[in-house]
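Quick caveat: nothing in here was measured; it's all calculated off a predicted structure. Letters A, B, ... mirror the listed sequences (proteins, then strands); counts begin at 1.
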Amino acid sequence: MRTDIKVPEKYLPIIDQEACIRCKRCIKSCSYGALEFKDDKVRVKDGCVSCLRCVIDCPTSAITVVERPSSYAPHAVFSPEIRRSIMAQANSGGVLLSSCGANAEYMDIFNDILLDAAQVTNPSIDPLREPVETKTYLGRRPGKVVVDDDGRIDLDASETPIVVMDMPIMIGHISLGSISYNAQAALFRAASELNILAGTGEGGLHNDFYCHSKNLCAEVASGRFGVTSHYLKEVSCVDIKIGQGAKPGHGGHLPGEKVQKLISETRMIPLGTDALSPYPHHDIYSIEDLQQLISVLKESTEYSVPVGVKIAAVHNVGAIASGIVRAGADFLTIDGLRGGTGSAPRVIRDHAGMPIEIAVSAVDQRLQEEGLRDKVTLCASGSIRTAADMIKCIALGADVVGVCTSAMIAMGCTVCQQCHRGACSWGIATQVPELAARLDTEVAAQRVINMFHAWNEELKEIMGAMGIDSVESLVGNRDRLRYIGPNPRIAEILDVKHSGEGWG
Amino acid sequence: MYEYEPRTASLRGPEAPHGFSERSYLVDIPDRHKPRHGSCGIAGCMNIDGSLISGSRIEKMITTMSERENGLGSGFVAYGLFPDFADEYCMQFLFENEESQALTEETLSEWVYMIKDEKVPTFPQSGMSPPFPLVWRYFVRPKTGTEAYVRTGLSEEDYMVRLVMSVNDSVPGSYCVSSGKDMAVFKGSGYAREIAKFYDISRYKGCMWLSHSRFPTNSPGWWAGSHPISILDWSVCHNGEITSYGVNRKLVEMAGYKCNLLTDSEVVTYLWDLMVRRHRLPVTAAAFAMAPWYYRDIERLPEDERRLANQLRITYKEAFLNGPFSILVGRSDPVTMIALADRKKLRPLVMGESDDGNSVYAASEECAIKSVQYDARIWATRAGNPAVVKVGEGIVRRGTESPFLGAI
């Protein structure tokens, strides 16, 4: 019995037949098979995802992709999105997959926050004329330096393993597997060049990438793919991944068809097998177990690198964070609900967790209340889209921000949300060799470098305007933020005053 | 028809017949019309041999810089003030009324033994706006022998800090403005000359004086929020605005201090107490944490100093006072004056030394020093570089040396 009913198409490529020179490049570009050449014309089939590869490749700009008008009769409650997903589910009987971050408008608080600037009573600073510093450290801080009985500072006893970065930015964990070799090579090269950190993701580290290891943060996730003591000792810090903002409570999932030779070698798993990370770490069922894993990793790296923990922002994130710091984590990463993913059930992507704005402020406040904030580095990620988001996130309490999707966009990604299908037309989220080859590593790396360089310049400009000449004086400086959104209760929870409220 | 008058004529003003160099007419301008471009003024003087200085000297210094204030607060602190009670903590309070005094005394009796108490003489001035607080002074000794004290697990000093915080936080209308040994703070809302007269500063003699006149901007002008802001024997006169206040407050609150004086300056006092008394940092290291060198300059330091500089920036990044400031910091045992400006030196700070080397001065402006010691040798501290002067030892640092001289 056939139960399938066709789900109405969402996008419509329109070909300007007069402009079209019939070069058929678009047909080659489309990795979703949405175009064909028939009767001497480029014609549209089903399946367009609006990735825009054909639009950009077309030498005569003859293609426009539009959202199909009036596919569904208008309804205020049953939006086309909801109707489409119900139909897809009725067809397949399965969990709907999606990728990238949560696709829901109601969760953006960054846009409701305004920044301060210096006027009269303190001078603003022009970063082109005077130094404004963005050097950032990641790792455990001792809280105080050790002073011996003669009143001299004992440096050997005071120093802890610490990572120095030139910007308060880390490229988030994106595994080889979820993205192509070329894409990961570009990100790592950019991180080295910028002297910032990049996450390896949970797929281990390919032999070719050890040259970047001083700028890499190794991820130890529940699947432990590719984790060896050699690997852990080579990188500059180690991150235990408990959860991810896009799918809190879930583990990574790499389908067998993506596990080709390159991935199988790096992850140390057989060719073609599904790489399914368990939902929890099966050696961590409690905070004590986490403490043991932290100790094990510190032992195996001989206490030479910081060991951190990454969790998804969930409702009780403050208390969990404090437990993690007490368990010995040197740095802590909170991933908000809008955070990206290469593949996640849509239901959890869009509905579970907490926006990073609230989470980072809650954790910063909680760690401060418990007197732990000056011991640990707090990283925050989950849709840090622009320099403005980064600055607001730092002022809400983060030492370092993690960025993924924006770096993808810099490389060419258009956020069409089809990463889970492995057919990325831009050569980023795919393992198909012909598609992956579309990404020029050098060009992509330079574009990522350009973007972060610009962000850092914007950070300096904003700090200068605030009269702040070093980024640590912005961290958790919620005094310099004001809330202008619709719900003053959010301002209260963020510990940010409402716009119009003065200093005292 | 109208008569053409060149515009430059009105710039000079009717009271200035002698041209631009003649400034005497400024003296007659009422306070409310005085130029408002200034900011706070700070001044300090001390004698290295410990001999006493009359309050009228510091009064002269601070009132000379009258353009730096707007009548919303001023204050003085004297060290070496109570030789007869040098071992007792002197807690000086501003009370709103008798009721707040009674409540405070009730609290004090639980925490400390009262050795002596006295009213601080005050003389309300006609230009000042009432109501005036009741000012009272208590010489106390903490009840360290009791079981309650042992249960707190605190050192004597931390116990006193907690007492001060708890009175300021929870007793309505009562503010402890100083709580150190052999020192006291005299401050309030008014011009420096009014506050000096209100307390009759000239009746006191101390081996070191610091003072402040205020031009508050971001915080309200009120009695307890005036400077110096003091805890234990620390006192701080602060001219500046802290752009990193939210960060600094986080650090001191984690260490148990409560910020309740509605001014960003109080974190400076608590930071000194935290870093130097509790963490036992050398003064130069604490000053470096508050006004650290740029990384590009740190690179040029010798290896050991570079390591220390980086470690201080990592460990005490929340102690970094960003934004413009110059501060005078006082401390007893031995009586010490620390003068420090921010790392860009966006606020003024000059030092002066008498010919015989016994008297040392610090002020926002040279005129304040020259007004009491016309032949003083003047020098300027460098950005982010502390000058340190101690009774009995002399000038330990001039604020022009390498950052950690003597610290490592």
(message) Which atoms of A/L367 are under 4.5 Å from chain B, going by heavy atoms: the side chain, the backbone, both sets, or neither?
(response) backbone
(request) Any chance you could lay out the side chain to side chain donor-acceptor pair (under 3.5 Å) test for B/N239 and B/R214, step after step, and finish with the verdict? (result) CA-CA 8 Å; B/N239 165 21; B/R214 195 156 183 234; over 6 Å; no
(message) Among residues at least two apart in sequence or on other chains, which ones pass ring-ring contact (aromatic ring centres under 6.0 Å, His included) with B/Y257?
(response) B/Y270
(request) Side chain from CB out, backbone as N, CA, C, O: work out which of these in A/D148 comes under 4.5 Å of a heavy atom of chain B, or both, or neither. (result) backbone
(request) Can you measure from CD1 (B/I242) to CZ (B/R249) and round to the nearest 0.5 angstrom? (result) 11.5 Å
(message) Looking only at heavy atoms and a cut-off of under 4.5 Å, which of B/V247, B/N310, B/L321, B/T243 has the most pairs with chain A?
(response) B/T243
(message) Students often mix this up, so state it plainly: with edges at 30° and 60°, are the rings of B/H227 and B/H212 parallel, tilted or perpendicular?
(response) parallel
(request) Please identify each residue that fulfils salt bridge (charged side-chain N to carboxylate O under 4.0 Å, His left out) with B/E266, with sequence neighbours left out. (result) none
(request) Let me know if A/D116 has heavy atoms under 4.5 Å from chain B in its side chain, its backbone, both or neither. (result) neither
(message) Is B/L251 close to chain A through its backbone or its side chain, or both, or neither, when contacts mean heavy atoms under 4.5 Å?
(response) side chain
(request) Using non-hydrogen atoms and a 4.5 Å limit, figure out which bit of A/I125 sits close to chain B: side chain, backbone, both or neither. (result) side chain
(message) Let's test your reading of the structure: which of B/A255, B/P324, B/G323, B/P292 forms the most heavy-atom pairs below 4.5 Å with chain A?
(response) B/P324
(message) Taking the basic N atoms (NZ, or NE/NH1/NH2) and the acidic carboxylate oxygens, is any pair closer than 4.0 Å for B/R307 and A/E159?
(response) yes
(message) Is A/E369 close to chain B through its backbone or its side chain, or both, or neither, when contacts mean heavy atoms under 4.5 Å?
(response) neither
(request) Look at B/Q311, B/R278, B/K250, B/R313 and state which one has the largest set of heavy-atom pairs under 4.5 Å with chain A. (result) B/K250
(request) Would you mind telling me which of A/Q368, A/R373, A/R141 makes a side chain to side chain donor-acceptor pair (under 3.5 Å) with B/E318? (result) A/R141
